[in-house]
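A, B, ... follow the sequence lines: proteins, then strands. Residue 1 opens every chain. No experiment lies behind these values; they were computed from the predicted model shown.
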Number of protein chains: 2
Amino acid sequence: MAKPSSPRGAARQRVLDASLELFALHGVSGTSLQMIAARIGVTKAAVYFQFRTKEEIVAALLEEPLCALGRVLDDAERETRRVRRVEVTLQGLVDAVLANRRGTAMLIRDPGAALALKQIEAFTVVGERLESLLLGSRTTREDRVSFAVLMGGLMQVGVSPYLEDLDDVTLRRILIRVGGRLLGVDDEAGVRQN
Amino acid sequence: MAKPSSPRGAARQRVLDASLELFALHGVSGTSLQMIAARIGVTKAAVYFQFRTKEEIVAALLEEPLCALGRVLDDAERETRRVRRVEVTLQGLVDAVLANRRGTAMLIRDPGAALALKQIEAFTVVGERLESLLLGSRTTREDRVSFAVLMGGLMQVGVSPYLEDLDDVTLRRILIRVGGRLLGVDDEAGVRQN
DNA sequence: GTCTATAGATAGATAGAC
DNA sequence: GTCTATCTATCTATAGAC
């Protein structure tokens, strides 16, 4: 949480913050370096000093939350009981979305970010790990659809202004319950499958 | 379904088809009129003869499926029994997504299309009507989150290549069942598919 | 670290010939 | 309906002064 300490990191962070905000609003392709520079009150050249391309900004924005999620998945995979695995995974996923509402979730589904996304090694496997952790041996077509709906739904919740009135704690609790219901696990009695 | 009959409509339709494909791939902002023109083998000027701006193309692409969905909602609102209302609404919504997988769903959540989207009168109310039809008097916070997850999930399913192996009929059946489960309606007894 | 200046490419859009 | 030609604006990116 305490990042803007070093003089170099401060300017870099300002670029990242402004970029994330603008990307969420106009999309990656719809955001120019000009706009980013203007928002933080500097010129394009100043931005280019921190990042050599726009894609590098996108990658930097995505790498952090993806790696954080990756670490949660590491923990989840160490769990032996399936119930706990689903629980830990779902919580980590929800936390990743809530960590930056209207930001990261937006980027994940931005076509302009797709290229940068593919180059991040972490991302390539995260999807498969999530599916494996949440579905386990349940791989019927309905399970797969439920998984896709859950992922899309979580991203939507992260982006939508429709739920802005809900605070993070409340939203987290509800999302985990709804997610469990969607996956067909009973959260009341400790995540049991139907 | 039979549209490309008149000579004028044919060229127009070619532009729409190419645009939808490219928008789905690169996003609206990431797609230039140059790219659209190149794909159908004409020049930019030829595209400008059909549509005066890029936004007009976006609006044309969105208006049709949105109006179709609107008509389904008209029907749903005439239903007196709540069970039937949810049933008809959910089916119409799923059909709207499946009508153009990887197309319309993509556009709905594209930041570059947001402006054009707001100008379509039909869209402004569709969201509220959907919520009212699907939730009815159930408006707890969990209900609202479930609704948001459902909408985002459906869009995701429409976009995702992850479910491309499922044919429309299968996907439709599963989506309606998953949607019913998410909304907390008992599909076995009440909401029956087809 | 930030600036000015500028290069080179491409964007959206228009005019007018065919 | 489609073309060539062209306009203006903006884009990414670089070079070099401060």
Side-chain angles (χ1 to χ4, degrees), chain A residues 3-62 107 110-117 119, chain B residues 3-62 107 110-117 119:
Chain A
K3 261 282 185 58
S5 48
S6 72
R8 180 182 162 270
R12 187 186 155 93
Q13 193 60 40
R14 273 195 296 274
V15 172
L16 289 177
D17 290 343
S19 299
L20 186 58
E21 215 170 318
L22 289 168
F23 288 164
L25 205 57
H26 307 108
V28 174
S29 297
T31 304
S32 67
L33 293 184
Q34 190 80 265
M35 294 163 73
I36 296 171
R39 164 151 295 221
I40 50 184
V42 298
T43 62
K44 278 185 292 179
V47 177
Y48 271 106
F49 180 80
Q50 307 288 348
F51 301 93
R52 279 208 307 232
T53 67
K54 190 162 72 170
E55 241 184 39
E56 241 180 46
I57 302 179
V58 176
L61 283 172
L62 284 167
L107 264 187
D110 193 306
L115 203 74
L117 210 47
Q119 286 170 351
Chain B
K3 264 284 185 58
S5 47
S6 71
R8 180 183 162 268
R12 187 185 156 93
Q13 193 60 40
R14 273 196 297 272
V15 172
L16 288 177
D17 290 342
S19 299
L20 185 58
E21 216 170 318
L22 290 167
F23 288 164
L25 204 58
H26 307 107
V28 173
S29 295
T31 303
S32 67
L33 293 183
Q34 191 80 262
M35 294 163 73
I36 297 171
R39 164 152 293 222
I40 50 183
V42 297
T43 62
K44 276 188 293 182
V47 176
Y48 271 106
F49 180 79
Q50 307 289 347
F51 302 92
R52 278 206 309 228
T53 66
K54 189 161 73 169
E55 241 185 39
E56 242 181 45
I57 302 179
V58 176
L61 284 172
L62 283 167
L107 264 187
D110 193 306
L115 203 75
L117 208 49
Q119 287 170 350

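Counting only heavy atoms from C-beta on, B/A46 has its side chain closest to D/dC3 among C/dA13, C/dT2, D/dC3. Listed nucleotides: C/dA11, D/dC3, D/dT12. Nearest to the side chain of A/S32: D/dT12. Residue A/Y48 places its side chain closer to D/dT12 than to any other of D/dT12, D/dT2, C/dT2.
A/K54 places a side-chain N or O within donor-acceptor distance of the main-chain N or O of A/V28, the cut-off being under 3.5 Å.
Contact annotation: B/R14 side-chain N/O to D/dT2 OP1/OP2 distance is under 4.0 Å. Taking 4.0 angstrom as the limit, B/T43 places none of its side-chain polar atoms (N or O) nearer than this to OP1 or OP2 of D/dT2.
In this model, no side-chain donor or acceptor of A/K54 finds a partner on the base of D/dT12 within 3.5 Å.
Here the closest heavy-atom approach between residue A/A37 and residue A/K44 is recorded as CB-N, 3.6 Å. Closest approach of A/D110 to A/G27, counting heavy atoms only: OD2-CA, 3.1 Å. Between A/F51 and A/R12, the shortest heavy-atom contact is CE2-NH1, 3.5 Å.
Along DNA chain D, the nucleotide nearest A/A45 and the nucleotide nearest A/S29 are compared for position; the residue whose nucleotide lies closer to the 5' end is A/S29.
The distance from atom CD of A/Q50 to atom P of C/dG1 is 6 Å, rounded to the nearest whole Å. In this structure, the CG atom of A/L33 is 21 Å from the P atom of C/dT6, given to the nearest Å. Rounded to an integer number of Å, the gap from CZ of B/F49 to P of C/dG16 is 16 Å. For the pair A/H26 NE2 and D/dT10 P, the interatomic distance rounds to 15 Å; values are reported in whole Å. Atom CD of A/E56 is separated from atom P of D/dT12 by 14 Å (rounded to the nearest Å). Atom CE in B/M35 sits about 10 Å away from atom P in C/dG12, given to the nearest Å. Atom CD1 in B/I36 sits about 14 Å away from atom C1' in C/dA13, given to the nearest Å. Atom CD in A/Q34 sits about 11 Å away from atom P in C/dT4, given to the nearest Å.
Once rounded to the nearest 0.5 Å, the distance linking CE of B/M35 with NE2 of B/H26 reads 4.5 Å.
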